[in-house]
A.B. asks: 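This is the structure I have questions about; it appears just below.
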Protein chains: 2
Amino acid sequence: MSPLAATPTDARQGGMRNEPVQVELIAVLVAVTDGDPRVLTIESGFALPSGPLESGHRSLQSGLRAWVERQTHHPLGYAEQLYTFADQQRDAARSISISYLGLSREAAAAEYPGAIWRSWYEYFPWEDRRQGVAAAEALLPGLAVWAREDAARHLRVSGLFGGAGRGWNEELVLQRYELLWEAGLVPEARRGGAVEMPLVPGAEMTHDHRRILATAIARLRAKIKYRPVVFELLPRDFTLLELQQTMEALAGQSLHKPNFRRLIEQQELVEETGKFTSGLAGRPAKLFRFRPAVLEERGFTGTKLPLVR
Amino acid sequence: MSPLAATPTDARQGGMRNEPVQVELIAVLVAVTDGDPRVLTIESGFALPSGPLESGHRSLQSGLRAWVERQTHHPLGYAEQLYTFADQQRDAARSISISYLGLSREAAAAEYPGAIWRSWYEYFPWEDRRQGVAAAEALLPGLAVWAREDAARHLRVSGLFGGAGRGWNEELVLQRYELLWEAGLVPEARRGGAVEMPLVPGAEMTHDHRRILATAIARLRAKIKYRPVVFELLPRDFTLLELQQTMEALAGQSLHKPNFRRLIEQQELVEETGKFTSGLAGRPAKLFRFRPAVLEERGFTGTKLPLVR
DNA sequence: TCCCCTTATACTCAACATGAGTATAAATTG
DNA sequence: CAATTTATACTCATGTTGAGTATAAGGGGA
C-alpha cells in the first residue's frame, strides 16, 4: 500500500512491481502578441496540446523541444517542467501526466491541424487588470454567497481577490482558480452536480487543462521577477515600451513607466543597438537588445515589477 | 520520434502506445536539529529513500505522506514536488523518477532499517558559510585550473562561487554542483573516466541522488524567503533565536539578529505564547508560536532574509 | 509653416525598507 | 555579587521604491 518501499532492499534491488503506467506530456506554450499573452491550444481552444511519451529522446525536455520546434517552426526559447500528476483510473491502470511550460513566439502552427493561439485571459478574465478591476470585482457577489457566515472563507476570499483595500497578488492564479472551483463557480466543478449559482465568466477546458494553464500562468508571473525570461517572448530588438507591455501582458497589471525604465537600466539587462524605431507616431524610440552576458555574470535575483496602484 | 502526438487525434483518442514504464518516487526529507539541516538517507548515507509507485493512493502526494508518517511517526508538515526525470535505459525500458521535498522533524525512523539522518552539508560542505567561507574558497584553485584561459568559464565561476568581492547567492546550489560536475571535480562525474584533478570534498551518493539533494536545498532556500515553511521544521513553541538559527541552518549563512527580529515582528508571522524559556544561560526568551491565520489572510510575498555581510 | 498630438526620455522628491551598529535588561554561573 | 550570557529595544545613514513632473523629438493636419 505504500508508494515507497518498506525496506531499502525492496527499493533498490529490483523488487519493484512493474505496473503498467501510461505517461503523457502536456505542453503550455506561451507567446505574447500585440500585448496579449497567448497559449497554444487544440480542439478550438478546449484542450492543451498533449501526447504520449515516446522513446528516442535523451530527456523529457529535449523531446518536448523537438516537437514544439517542428510544429511552430520557431526555436523554443525556454522550457520548464511544471508538475507531474498521477491519475488513478477506475480500471486500476494508472496514468501520469507531466506538464511543461514553454516560451516561444507566435507562429503558424501549420503542421498541427486545429491548433490555435488564444489569449489566456479568455480562460481567466479576472486575471487581467490592465484595463481595470471590473472583471475581478464581478466575482465578489458570488463569492460572498459562498463565504456567507464563514469567517475563514471570508479571509481567503479577501486575501485572494483583494476586496476592501487589500492588495492583489498577481501570482496567486492557481489559488484563485481553486477557490472558484471549491465554490462551484466554474463549470469544471459541476460534473453531475446540481447547479446552484451562476457561473463565472471564462472559457472551459477539458480534464484539468484549465488548472494546468493556471499553474503555468502563476509560474511565469513569478519567474519574470527574478529571471530574465521575458526576452524569450520578444524579437531580438525591441523598445523599452514593448518590453514593458510584454511584462504587463504577463502580469495582468499596468506598470509605472518611469520606474520600469529605471529598473531595467540599473539592472543592465539590456544594451542599446544604436538603432531607432521609425514611421510610428511620436518620438522615435531607441531599440535595445538583451545582454546575454548577464546569464553568466550573475546568479540572478532581480527584475522586480514596479506596479501602478 | 516525437513525445507529443503529431495530430490531436493521436493524442486524445486513445491512440497511445503503451510502453512499459517504471515509476519511482524519491523523497528528500528534511529536518533541522541542533542547527543542522539534515536529510533522511539509506544505505549509510549513500542514497535517498525511494520506491516504486504503487496503487491505492489518490495522488502521489498522499502516498508519500502516508509512507513518511508511518516511517517517522511524525506528520509530514509540508510536501512539494521537485522534479520528474526520465531515464532512457539501455534495454529500451524507460523509467521515470518523481522526486519530492518534504519537511518534517527528526524522529527515529525505526521501521526503516538502515535509515539515518545526515547533515546536508556533508554532501555540500562549501554551501555552509556560517562559520566562514573557507570551504568554498578551497574550491577556487581547482576551478581556476578548469577555467584557465577561458573567459566565459571564469565568469561562471566568479558568478557562482563569488570570488573577488562578488556576492554569494545561496540559492544557486544546483548550478554550483553542476559546474563542479562539469569540471570533473565530483566523483559522480568520474565514472570510467581518467582522474585529472583532486576531487572536491563532500560525500558521494548513488545515481543522481546528490543532484536531487542539491535541487531540494536550492528549492528550500528559495522558498523560505516567501512562504512561511520554516515553521514546519520547528516545535510548536520556539524562541526567536531558534527560529533564526533554523533559517541560518537552511540558508548556510549568518543573519543579523536585530534586523531579523524586526523583520519577523513587522510581518506578524508569529505571536507570543506568554511563556518563557527557563534553565538556560542568559535572560529568558519569550516563546512564540506560528500564527496560522496568515496562511489565509495573505497570499504572501514576504519573509526576506537580512544577511550579515 | 506652425501647432498639436503622440511617444520617449530625464529628473525630483517623499516615504519606506534595509544594513549596520549601539544600548539596556534579565537571567545563569562561579 | 561580579562576570557572562542571552534577550530585547533603539538609532541612524543609506538605498530602494512609489509617484509625479518636465522636457525632447518625431509625425499629421490646419
Side-chain angles (χ1 to χ4, degrees), chain A residues 34-35 129 165 167-170 225-226 237-248 251 253-289 300-309, chain B residues 34-35 129 165 167-170 225-226 237-248 251 253-289 300-309:
Chain A
D34 302 331
R129 297 165 72 88
W168 175 269
N169 185 337
E170 80 281 355
K225 290 186 194 160
Y226 60 94
D237 294 1
F238 50 84
T239 68
L240 290 184
L241 183 60
E242 286 166 345
L243 175 58
Q244 179 180 347
Q245 286 171 337
T246 303
M247 292 284 252
E248 289 176 331
Q253 280 179 288
S254 300
L255 304 179
H256 186 279
K257 189 148 117 177
N259 291 349
F260 180 78
R261 306 174 123 258
R262 177 173 64 188
L263 214 56
I264 297 298
E265 278 159 16
Q266 73 192 186
Q267 298 197 139
E268 299 180 293
L269 288 173
V270 299
E271 60 191 6
E272 298 187 9
T273 61
K275 291 185 284 183
F276 287 81
T277 57
S278 66
L280 301 165
R283 175 174 169 177
K286 285 180 185 168
L287 284 168
F288 290 83
R289 80 164 66 93
F300 270 91
T301 304
T303 326
K304 296 178 186 168
L305 294 181
L307 298 176
V308 155
R309 313 247 162 160
Chain B
D34 303 330
R129 297 165 73 88
W168 174 268
N169 185 336
E170 80 281 355
K225 292 186 193 160
Y226 61 95
D237 293 359
F238 49 84
T239 68
L240 291 183
L241 183 60
E242 286 167 344
L243 175 58
Q244 179 180 346
Q245 287 170 338
T246 303
M247 293 283 253
E248 289 175 334
Q253 279 179 286
S254 300
L255 305 178
H256 186 278
K257 188 148 121 179
N259 292 349
F260 179 78
R261 306 173 126 259
R262 179 174 61 189
L263 214 57
I264 297 297
E265 279 158 17
Q266 72 192 184
Q267 299 198 140
E268 297 182 292
L269 287 173
V270 300
E271 61 192 5
E272 298 187 7
T273 62
K275 291 185 284 183
F276 287 79
T277 56
S278 66
L280 302 166
R283 175 175 169 177
K286 285 180 185 169
L287 283 168
F288 290 83
R289 80 164 67 92
F300 271 92
T301 304
T303 325
K304 296 179 187 168
L305 295 180
L307 297 177
V308 155
R309 312 249 163 153

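Below, chains carry the letters A, B, ... as their sequence lines are ordered, and counting in each starts from 1.
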A.B. asks: Rounded to the nearest angstrom, tell me the gap between atom CG in A:L263 and atom P in D:dT17.
C.D. replies: 6 Å
A.B. asks: If a protein heavy atom is under 4.0 Å from the base, mark B; if only from the sugar-phosphate, S; if neither, -; do that for nucleotides 2-14 of chain C going 5' to 3'.
C.D. replies: ----BBBBBB---
A.B. asks: Any donor and acceptor pair, going by atom type alone, linking the side chain of A:Q253 with main-chain N or O of A:R129 inside 3.5 Å?
C.D. replies: no
A.B. asks: Write down the distance between CG (B:L280) and C1' (C:dA26), rounded to a whole number of angstrom.
C.D. replies: 14 Å
A.B. asks: Taking the side chain from A:T273 and the backbone from A:R289, do they hold a donor-acceptor pair closer than 3.5 Å?
C.D. replies: no
A.B. asks: Test B:L240 against every option in B:K257, B:K286, B:E265 by the side chain to side chain contact (heavy atoms under 4.5 Å, CB included) rule and name the one that passes.
C.D. replies: B:E265
A.B. asks: Nearest 0.5 Å, what's the CD-CZ distance between A:Q245 and A:F260?
C.D. replies: 10.0 Å
A.B. asks: In whole angstrom, what separates B:F260's CZ from D:dT6's P?
C.D. replies: 17 Å
A.B. asks: So, taking the atom named CZ in A:F238 and the one named CD in A:Q244, what distance separates them when rounded to the nearest 0.5 Å?
C.D. replies: 13.0 Å
